[in-house]
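Counting begins at 1 with the first residue of the sequence.
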Amino acid sequence: MGGELIGLVAVILGMGVPLGALYTYYRVRKLRSEERLAAIARGVDIPMEPELNQAARSAAPESCWSAEPSATSLLSD
C-alpha cells in the first residue's frame, strides 16, 4: 500500500506542478494585458515591453544581443 501511495503522489505532483506553473504564467500575462489595455483606454502612454525579461536575456549568449553582425553571418550571406 505504501509504494502505491508514493507512486500516486509522485504522479499527481509530477503533473500538478507543471500545470500550476502554466496556469500562473497564463494569469500573469492576462493581468498584464488587461492592465496595459486599461492604461491605453485612459490615454496613458506606456513603454513597449521587451520580448524577453532580464533573466532570459542573461541566459542567452551575448552574440544574440549584439547590434554588429558577426563574422559568420557576413560569410553566410
Side-chain angles (χ1 to χ4, degrees):
M1 179 71 180
E4 294 172 0
L5 182 62
I6 291 173
L8 178 63
V9 169
V11 169
I12 290 172
L13 288 177
M15 296 180 76
V17 170
L19 286 175
L22 285 172
Y23 178 73
T24 302
Y25 176 76
Y26 163 78
R27 286 288 298 160
V28 167
R29 294 240 355 198
K30 183 177 178 183
L31 291 173
R32 284 185 184 163
S33 297
E34 289 174 356
E35 181 182 25
R36 290 177 65 84
L37 289 173
I40 291 169
R42 287 191 309 259
V44 176
D45 288 333
I46 51 175
M48 293 294 294
E49 289 186 7
E51 290 185 21
L52 295 175
N53 61 18
Q54 187 61 34
R57 286 186 186 207
S58 64
E62 286 297 319
S63 61
C64 293
W65 302 109
S66 173
E68 305 169 356
S70 64
T72 55
S73 66
L74 291 173
L75 294 175
S76 64
D77 290 338

Taken in chain and number order and not counting sequence neighbours, the residues that satisfy side-chain contact (heavy atoms from CB on, under 4.5 Å) with Arg29 are Tyr25

Side-chain hydrophobic cluster, 4.5 Å single linkage: members besides Val44: Ile40, Ile46

Measuring only between side-chain heavy atoms, which start at C-beta, is Glu34 closer than 4.5 Å to Leu31? yes

